[in-house]
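So the structure is just underneath, and the comments pick up after that.
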Amino acid sequence: MDRIPLHREWHGDPDSPRPPLLLIHGGGSTIETNWGLLLPLVAPTRSVLAVELQGHGRTVPGDRPASFEGSADDVAAVLAALGVGPVDVLGFSNGGQVALQLAARHPSAVRRLIAASAPVHRSAMIDGFWDGLAAGTFGDLPEPYRAADLAVSRDPEHARRMFDLDRELMLGFEDFPDALLASIAAPTLVVGADRDVVRASHFVELAALLPDARLLIVPGTHGDYLGERLAAAGDPAALRRTLPHLLAFLDAP
């Protein structure tokens, strides 16, 4: 499978003794929309590597269909090219699904993993999600995502291709095999919100399927606890409540 050259950015302290933290955004997102509030809070104490997946932000759509496996391999290629690893990984939503695939397919690349609001079964989604996705059109893409993509891609059609890739990716989503999840050796923190688009019960199920996992369910919605632009609407309060728990997990002996 052809690799997609991902846009990547370094932030933070390059001399930090901590392992680098890799950030993998969710669907429809750029680095700025997913991590704009989080980066200033983590950058003073660690080195942070943020990527943009196939067709998102400054990364080209390419000609191949989107897949979690393909994106995981794209991310692994970035790490190999940079000569870094193992890294800590924080993946949100679709990015959490990519992060789980990365840990399964490239175990030597991942030291610790935070899978945030990441569904691994189709039954994980709340009622109405799949019908809404099937009926969705580009016009339903929230304006903050459209504007953010245009600001960095400089191409109005780029956001449309991003939307199509994300929609096709999720409509074609199949349950992750239990054996794949059981193969993930990296200590993992499964995180979700009590009013997420992913059922809270699914986070419990996911943590039970992973060999070395802890569970954190926080008050909030899909991504507000990470400062995601649409969910948090610029308010860092939920992020500030949650972030200490995430960093404590990463920094645990």
Side-chain angles (χ1 to χ4, degrees), residues 1-7 24-30 33-34 51-57 59-78 89 91-106 113 115-142 145-146 149 153 157-184 188 190 192 196-199 201-203 205-206 209-210 222-223 228 230-231:
M1 181 182 293
D2 293 338
R3 298 274 67 79
I4 300 289
L6 304 184
H7 173 79
I24 309 178
H25 63 76
S29 299
T30 63
T33 59
N34 210 141
V51 297
E52 287 174 332
L53 300 177
Q54 178 183 1
H56 291 72
T59 295
V60 298
D63 296 323
R64 72 172 202 221
S67 71
F68 300 118
E69 297 87 349
S71 286
D73 292 346
D74 292 342
V75 173
V78 169
V89 184
F92 168 65
S93 195
N94 284 171
Q97 293 164 294
V98 172
L100 288 163
Q101 289 284 351
L102 177 68
R105 296 168 70 85
H106 304 276
L113 168 62
S117 296
V120 298
H121 299 142
R122 289 184 69 88
S123 61
M125 310 311 293
I126 60 173
D127 291 346
F129 176 86
W130 294 113
D131 289 342
L133 182 64
T137 67
F138 179 62
D140 298 317
L141 181 68
Y145 294 157
R146 195 187 312 240
D149 192 85
S153 73
E157 288 303 307
H158 188 274
R160 183 180 296 275
R161 181 65 179 132
M162 172 187 69
F163 173 83
D164 290 341
L165 283 167
D166 284 341
R167 182 172 179 274
E168 292 161 8
L169 176 67
M170 283 301 283
L171 286 177
F173 167 45
E174 297 180 352
D175 291 359
F176 284 23
D178 288 357
L180 179 140
L181 298 168
S183 74
I184 295 175
T188 303
V190 175
D196 217 301
V197 298
V198 183
R199 301 178 193 275
S201 59
H202 174 74
F203 302 128
E205 295 166 3
L206 174 56
L209 289 167
L210 296 165
H222 190 68
E228 195 275 337
L230 189 66

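Nothing here was measured: the structure is a model prediction, and the numbers come from that model. When a residue number appears, it is its place in the shown sequence, counting from 1.
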Donor-acceptor pair, His202 side chain versus Ser117 backbone, under 3.5 Å?
no

Side-chain donor or acceptor of Ser71 paired with backbone N/O of Phe68 under 3.5 Å
no

Closest approach of Ile4 to Gly62 (non-hydrogen atoms, all atoms of both residues):
CD1-CA, 3.8 Å

Can you tell me if Gln54 uses its side chain to pair, donor with acceptor, with the backbone of Thr59 under 3.5 Å?
no

For Asp166, the side chain to side chain donor-acceptor pair (under 3.5 Å) test, sequence neighbours excluded, returns His56

Report the residues that fulfil salt bridge (Lys or Arg N to Asp or Glu O under 4.0 Å) with Arg167, sequence neighbours left out, ordered by chain and then residue number.
none

Just do the side chain to side chain contact (heavy atoms under 4.5 Å, CB included) check on Ile126 and Asp196 with the steps written out, would you?
CA-CA 8 Å; Ile126 60 173; Asp196 217 301; over 6 Å; no

Closest approach of Ala118 to Leu100 (non-hydrogen atoms, all atoms of both residues):
CB-CD1, 4.4 Å

I'd like to know if the side chain of Asn34 and the backbone of Glu228 have a donor-acceptor N/O pair within less than 3.5 Å.
no

Would you please test Arg161 and Asp164 for side chain to side chain contact (heavy atoms under 4.5 Å, CB included) and show each step?
CA-CA 5 Å; Arg161 181 65 179 132; Asp164 290 341; 4.1 Å; yes

Look at Arg146 together with Asp140 and state whether they make a salt bridge at an N to O cut-off of under 4.0 Å.
no

Could you pull out the closest heavy-atom pair between Leu113 and Ala99, with the gap in Å?
CD1-CB, 3.5 Å

From CZ (Phe163) to CG (Asp149), nearest 0.5 Å
13.0 Å

Spatial distance of atom CG (Leu165) from atom OG (Ser67) [nearest 0.5 Å]:
10.5 Å

Arg3 and Asp74: which non-hydrogen atoms are nearest, and at how many Å?
NE-OD1, 2.9 Å

At their closest point, which heavy atom of Ala72 faces which heavy atom of Arg105, and how far apart are they?
CB-CD, 4.3 Å

Take Asp73 and Gln101, measure what side chain to side chain contact (heavy atoms under 4.5 Å, CB included) needs, and give me the verdict at the end.
CA-CA 9 Å; Asp73 292 346; Gln101 289 284 351; over 6 Å; no

Flag side-chain contact, heavy atom, 4.5 Å: Thr30 against His25
no

Just by modelled atom types, is the Met125 backbone N or O under 3.5 Å from a matching donor or acceptor in the Arg199 side chain?
yes

Does Thr33 form a side chain to side chain contact (heavy atoms under 4.5 Å, CB included) with Leu230? I'd like the steps, not just the answer.
CA-CA 8 Å; Thr33 59; Leu230 189 66; over 6 Å; no

Taking every non-hydrogen atom, the tightest pair across Tyr145 and Ser29
CE2-OG, 4.5 Å

Does some side-chain heavy atom of Gln97 sit less than 4.5 Å from a side-chain heavy atom of Met170?
yes

Ignoring hydrogens and angles, write down the donor-acceptor pairs under 3.5 Å from the side chains of residues 174-184, residues two or more places apart or on other chains.
from	atom 1	to	atom 2	distance (Å)
Asp175	OD1	Arg122	N	2.8
Ser183	OG	Leu180	O	2.6

Classify the ring geometry of His222 against Phe92: parallel below 30°, tilted from 30° to 60°, perpendicular beyond 60°.
tilted

